[in-house]
Amino acid sequence: MIINIRDVSWERGNQAILSRISWKVEKGEHWCLLGLNGSGKTTLLNMINGYIWPMEGSMSVLGKRFGEFDLRELRKSIGWVSTSLQQKLYGGETALKIVLSGKFATIGLYDRTGLEDMDKAEKLMKALGCSSLAERTYDTLSQGERQRVLIARALMASPKLLILDEPCTGLDVFAREQLLQMIEGVAGQEDAPTIIYVTHHVEEILPCFTKTMLIKDGQVFAAEESSKVLTSEVMSDFFGVPVQIDRKGGRSWLSVKRDIWI
Ligand SMILES: Nc1ncnc2c1ncn2[C@@H]1O[C@H](COP(=O)(O)OP(=O)(O)OP(=O)(O)O)[C@@H](O)[C@H]1O
Ligand SMILES: [Mg+2]
């Protein structure tokens, strides 16, 4: 079991941010986490990474129960790519150094790296189509290029769990498709980590994400096979407006039915 969350809740002030969340992620599964702005996705990820603690319920991540182990060690087994991480990275650092720093899950490169690490970093950058950016500094990269570097960085420590929090934000349609292809490539590798992909957009749910969790107002709306969740009926119910889901190229495409605007 990669993640086992049981009846977990978290509040701030008097407001429930997460209410009685239960979620099981098993080895070999790749999940998509879909929900509107403010539904609680990032809060849930913060909990999985041990940055916040459940107020009720219990959870274990990678077989470790919270409160019984060193969080810094756990975080080395979790690769996390998010826009908040981007803000913390040093803009003057080269892409290669940023990828290398992923080995220690640190920001900045303080520990020594060897030839083997360099070899691994180069291979990862190649797999993510960003080898040519190795010597460029982070602040000169475009949003799409940055995301590739960050995913390569997250993979450097050979994590068991890879969390991608809205990796396609700010990408044009072609950069998005390229990045999705790279992610599919990572998911298809033999020793691939379990991937959790967070998004607002149904069309980003690649066929490799066979399971989907819908989260709404801090509660689990549905958590099961993507094929069962990604239907016009379930999604209309989820969003509270009539939408249509069409399947094309193994993916689902959502359109809002026009008559809601009248
Ligand atoms: N530390 C906090 N203090 C108060 N409210 C918080 C805190 N963290 C999160 N929230 C609130 O909890 C709700 C869920 O936030 P969260 O960031 O988890 O949403 P999200 O699903 O990731 O949204 P988005 O798609 O916009 O990233 C929001 O209303 C947010 O304002
Ligand atoms: Mg978020």
Side-chain angles (χ1 to χ4, degrees), residues 3 5-23 25 30-59 61 66 71 75 78-89 107 143-144 146-147 150-151 153-154 159 161-173 175-176 179-180 183 194-206 209 211-224 226 229-230 234-241 243 245 252-254 256:
I3 296 174
I5 296 179
R6 276 164 305 197
D7 262 340
V8 155
S9 300
W10 194 76
E11 30 183 273
R12 266 286 131 126
N14 283 332
Q15 202 198 344
I17 311 283
L18 297 177
S19 308
R20 310 205 63 166
I21 300 261
S22 292
W23 188 27
V25 175
H30 299 302
W31 278 78
C32 180
L33 186 52
L34 185 96
L36 294 176
N37 290 127
S39 53
K41 303 180 296 299
T42 299
T43 307
L44 184 58
L45 301 182
N46 278 326
M47 209 171 257
I48 290 167
N49 276 286
Y51 289 111
I52 57 172
W53 290 65
M55 291 170 161
E56 277 172 49
S58 64
M59 63 186 290
V61 177
F66 273 32
L71 280 172
R75 286 189 198 129
I78 304 178
W80 196 12
V81 177
S82 74
T83 29
S84 63
L85 177 69
Q86 284 201 17
Q87 286 153 10
K88 288 184 205 148
L89 287 166
I107 290 166
Q143 184 69 6
R146 285 178 186 182
Q147 291 295 44
L150 292 186
I151 295 176
R153 175 185 185 274
L161 177 62
L162 175 65
I163 298 176
L164 304 173
D165 193 358
E166 298 180 43
C168 291
T169 300
L171 267 58
D172 70 47
V173 66
R176 182 182 79 168
L179 188 68
L180 288 175
I183 292 169
T194 294
I195 304 178
I196 296 176
Y197 184 95
V198 181
T199 184
H200 300 127
H201 305 292
V202 168
E203 60 271 23
E204 288 175 16
I205 306 179
L206 297 164
F209 297 106
K211 299 278 188 94
T212 294
M213 185 208 270
L214 300 180
I215 182 166
K216 185 176 183 176
D217 301 329
Q219 295 182 29
V220 177
F221 186 87
E224 56 180 320
S226 303
V229 172
L230 301 174
V234 173
M235 296 310 288
S236 298
D237 207 16
F238 176 59
F239 287 125
V241 292
V243 297
I245 301 286
S252 300
W253 302 82
L254 180 144
V256 180

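Atoms considered below: every heavy atom in the structure, side chains included; atoms not considered: hydrogens, waters and symmetry mates. Residues: numbered from 1 along the sequence shown. When a ligand or atom number is given, it counts from 1 through the structure's own listing order. These figures come from a predicted structure and were not determined experimentally.
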For this session: Using a cut-off of 2.8 Å, count how many protein N, O or S atoms are strictly closer to the Mg ion (ligand 2).
Result: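 For the Mg ion (ligand 2), the figure is 1.
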Problem set entry | Derivation and outcome, side-chain contact (heavy atoms from CB on, under 4.5 Å), residues Thr199 and Cys32 | CA-CA 7 Å; Thr199 184; Cys32 180; 3.8 Å; yes
Below 3.5 Å only, please: the N or O atoms of ligand 1 paired with protein N or O atoms, distance on each line.
unit_1   : atom_1 : unit_2 : atom_2 : d
ligand 1 : 18 (O) : Thr42  : N      : 3.4
ligand 1 : 18 (O) : Thr43  : N      : 2.9
ligand 1 : 18 (O) : Thr43  : OG1    : 2.5
ligand 1 : 19 (O) : Gly40  : N      : 3.4
ligand 1 : 21 (O) : Ser39  : N      : 3.2
ligand 1 : 21 (O) : Ser39  : OG     : 3.3
ligand 1 : 21 (O) : Gly40  : N      : 3.0
ligand 1 : 21 (O) : Lys41  : N      : 2.9
ligand 1 : 21 (O) : Lys41  : NZ     : 2.8
ligand 1 : 22 (O) : Thr42  : N      : 2.9
ligand 1 : 22 (O) : Thr42  : OG1    : 2.8
ligand 1 : 23 (O) : Gly38  : N      : 2.8
ligand 1 : 25 (O) : Asn37  : ND2    : 3.4
ligand 1 : 25 (O) : Lys41  : NZ     : 2.7
ligand 1 : 25 (O) : Glu166 : OE2    : 3.4
ligand 1 : 25 (O) : His200 : NE2    : 2.6
ligand 1 : 26 (O) : Asn37  : ND2    : 2.9
ligand 1 : 27 (O) : Glu166 : OE2    : 3.4

For this session: Determine yes or no for a side-chain-to-main-chain donor-acceptor pair under 3.5 angstrom, with Ser226 supplying the side chain and Lys211 the backbone.
Result: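 Between the backbone of Lys211 and the side chain of Ser226 there is a qualifying donor-acceptor contact (under 3.5 Å).
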Exercise. Quick check: does any side chain N or O of Arg75 sit under 3.5 Å from a backbone N or O of Trp80, one acting as donor and the other as acceptor?
Worked result: no
Seminar exercise, completed: When every non-hydrogen atom of Gln147 is compared with those of Pro167, the smallest separation belongs to NE2-O, 2.8 Å
Problem set entry | Closest non-hydrogen atom pair between Glu204 and Cys168, with its separation | OE2-CB, 3.6 Å
For this session: Evaluate the ring planes of Phe221 and Phe238, with Trp represented by its six-membered ring, and classify them as parallel (under 30°), tilted (30 to 60°) or perpendicular (over 60°).
Result: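 Phe221 vs Phe238 ring planes: tilted.
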Exercise. Taking only residues two or more places apart in sequence, or in another chain, which ones meet Trp53 in a ring-ring contact (aromatic ring centres under 6.0 Å, His included)?
Worked result: Phe66
Problem set entry | Contacts of Trp23 that satisfy ring-ring contact (aromatic ring centres under 6.0 Å, His included) - sequence neighbours left out |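 With sequence neighbours excluded, Trp23 shows a ring-ring contact (aromatic ring centres under 6.0 Å, His included) to Trp31, given in chain and number order.
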Exercise. Got more than 12 heavy atoms from elsewhere within 6.0 Å of CG, Asp217?
Worked result: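 Atom CG in Asp217 is not crowded, with 12 or fewer foreign heavy atoms closer than 6.0 Å.
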